[in-house]
Amino acid sequence: MAIENSKKNVTFISGDKTYSMGNGHFYVIAGPCSIESEVQFLESARSVVANGACLLRGGIWKLRSSAQAFQGLGKAAFDIVQKVTSELHTGIVTEVTDPRQIESLYPMVSIFQVGSRNMHNYALLKELANQDKPVLLKRGLAAYIDEWLKAADYVETSGRAQVILCERGIRTFETATRNTLDLNAVAFLKKNSPYPVIVDPSHAIGIGELVPDISLAAAAVGADGLIVEVHPAPKEALSDGPQALTPTQFSQLMIKLEKVLNALDRKLEKK
């Protein structure tokens, strides 16, 4: 495994503000798994921004294990994203599932997300390398750290795109939770890779009431941030409802998170 000692700060723009992830501050990205409607996305977005999230998340296209599951609104979500991000003066992270989507998504996203299923999609990674916005690269569900870092190399081949690594849990023998969050990987990568590392507690554990606990653990171990699912009515969500926080739960998490970070002499970077 090639170890790079020099650290890389990743710059992204959210609304009218520029952030630099990797500078020791902590960044929270939040919103629903999927954009389902303008009402749903706007309510989610208003609540997370009001409580300190610096960037929205929201799926436009979704890769699902079942072909019958909700696949996202696709291009029908574009107007919703533009309206909500403009109103709240914030940016969005959304998943790109196909190289043909990059051009149409580029004007509206702050950071492109590569989902776990696509970590090994080298054609997609090579195309993302040719644009200049950051790429949030999720770890494959059974990927070694070395494979994950090599996937990051693909994104950085042109020297234009920058990488943020996202630990989202790996598949193990355990079935009590959705996945097993590998905090070992976060600690290791913070010492032995140049990239900012964030954690997706929602996909890692799959149980909403447990998401705050592992979010605090991620902050304590040195992660650079979180990407958290928040939905105004999780039981009615069209995708991943059981792992989503309500706006009230998210607000409570942010209060606790700031206390943990303050104890570690770190700052929560708010919108």
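Excluded from the calculations below are hydrogen atoms, water molecules and symmetry mates; all remaining heavy atoms, backbone and side chain alike, are included. Since this is a predicted model, take the numbers as computed values, not measurements.
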- Message: Set out, in order, the CA-CA distance, both residues' side-chain angles and the distance that settles salt bridge (Lys or Arg N to Asp or Glu O under 4.0 Å) for D16 and K271, then state yes or no.
- Response: CA-CA 10 Å; D16 54 3; K271 181 71 179 75; 3.7 Å; yes
Would a distance-only check, ignoring hydrogens and angles, find a side-chain to backbone donor-acceptor pair under 3.5 Å from [X] to [Y]?
X    : Y    : result
N118 : N121 : no
Q40  : E36  : yes
S20  : N23  : no
E167 : L181 : no
S116 : R139 : yes
E156 : D153 : no

- Message: Is there a salt bridge (Lys or Arg N to Asp or Glu O under 4.0 Å) between E87 and R46? Walk through the geometry before answering.
- Response: CA-CA 9 Å; E87 176 181 320; R46 282 174 174 166; 2.8 Å; yes
- Message: Could you walk me through whether D240 and H231 satisfy the side chain to side chain donor-acceptor pair (under 3.5 Å) test, starting with their C-alpha distance in whole Å, then the side-chain angles of each, then the deciding distance to 0.1 Å, before giving a yes or no?
- Response: CA-CA 10 Å; D240 289 345; H231 193 287; over 6 Å; no
- Output, in order, the C-alpha distance, side-chain angles, deciding distance and verdict of side-chain contact (heavy atoms from CB on, under 4.5 Å) for I92 and L55. CA-CA 6 Å; I92 187 171; L55 201 59; 5.8 Å; no
Does one hydrophobic cluster hold both [X] and [Y], with members joined at side-chain heavy-atom distances below 4.5 Å?
X    : Y    : value
Y106 : I164 : no
W148 : L124 : yes
Y27  : V197 : no
F112 : V93  : no
V199 : L253 : yes

- Message: For a side chain to side chain donor-acceptor pair (under 3.5 Å) check, start with the C-alpha distance between T85 and T90, then their side-chain angles and the critical distance, and finish with the verdict.
- Response: CA-CA 5 Å; T85 55; T90 189; over 6 Å; no
Rounded to the nearest 0.5 Å, what's the gap from [atom1] on [X] to [atom2] on [Y]? Could you check?
X    : Y    : atom1 : atom2 : answer
L136 : I29  : CG    : CD1   : 5.5 Å
L268 : C54  : CG    : SG    : 8.5 Å
F26  : M21  : CZ    : CE    : 9.0 Å
I205 : T180 : CD1   : OG1   : 9.0 Å
M108 : I80  : CE    : CD1   : 11.0 Å
L137 : R168 : CG    : CZ    : 12.0 Å

- Task: Pick out which of V211, L261, L257 makes a side-chain contact (heavy atoms from CB on, under 4.5 Å) with L216.
- Result: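 In the set V211, L261, L257, the residue that makes a side-chain contact (heavy atoms from CB on, under 4.5 Å) with L216 is L257.
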Does [atom1] belonging to [X] count more than 12 external heavy atoms closer than 6.0 Å?
X    : atom1 : answer
K190 : NZ    : yes
E174 : CD    : yes
Q82  : CD    : yes

- salt bridge (Lys or Arg N to Asp or Glu O under 4.0 Å) assessment of K83 paired with D79: CA-CA 6 Å; K83 180 175 181 178; D79 286 344; over 6 Å; no
- Item | Parallel, tilted or perpendicular: ring planes of Y19 versus F12, cut at 30 and 60 degrees |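 Ring orientation of Y19 relative to F12: parallel.
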- Task: Take R57 and E95 through the test salt bridge (Lys or Arg N to Asp or Glu O under 4.0 Å) and record every step on the way to the result.
- Result: CA-CA 9 Å; R57 64 152 294 155; E95 184 173 356; over 6 Å; no
- Any chance you could lay out the side-chain contact (heavy atoms from CB on, under 4.5 Å) test for V96 and L128, step after step, and finish with the verdict? CA-CA 9 Å; V96 55; L128 286 167; 4.0 Å; yes
- Message: Pair Q101, T97 - check side chain to side chain donor-acceptor pair (under 3.5 Å), show working.
- Response: CA-CA 7 Å; Q101 298 166 1; T97 63; 2.7 Å; yes
Under 3.5 Å, is there a donor-acceptor pair linking the side chains of [X] and [Y]?
X    : Y    : answer
Q131 : R160 : no
S110 : S14  : no
S251 : N51  : yes

- Contacts satisfying ring pair (Phe, Tyr, Trp, His ring centres under 6.0 Å) that involve residues 149-186 (not counting sequence neighbours) are Y122-Y154
- Charged N to carboxylate O under 4.0 angstrom, K270 versus E258? yes
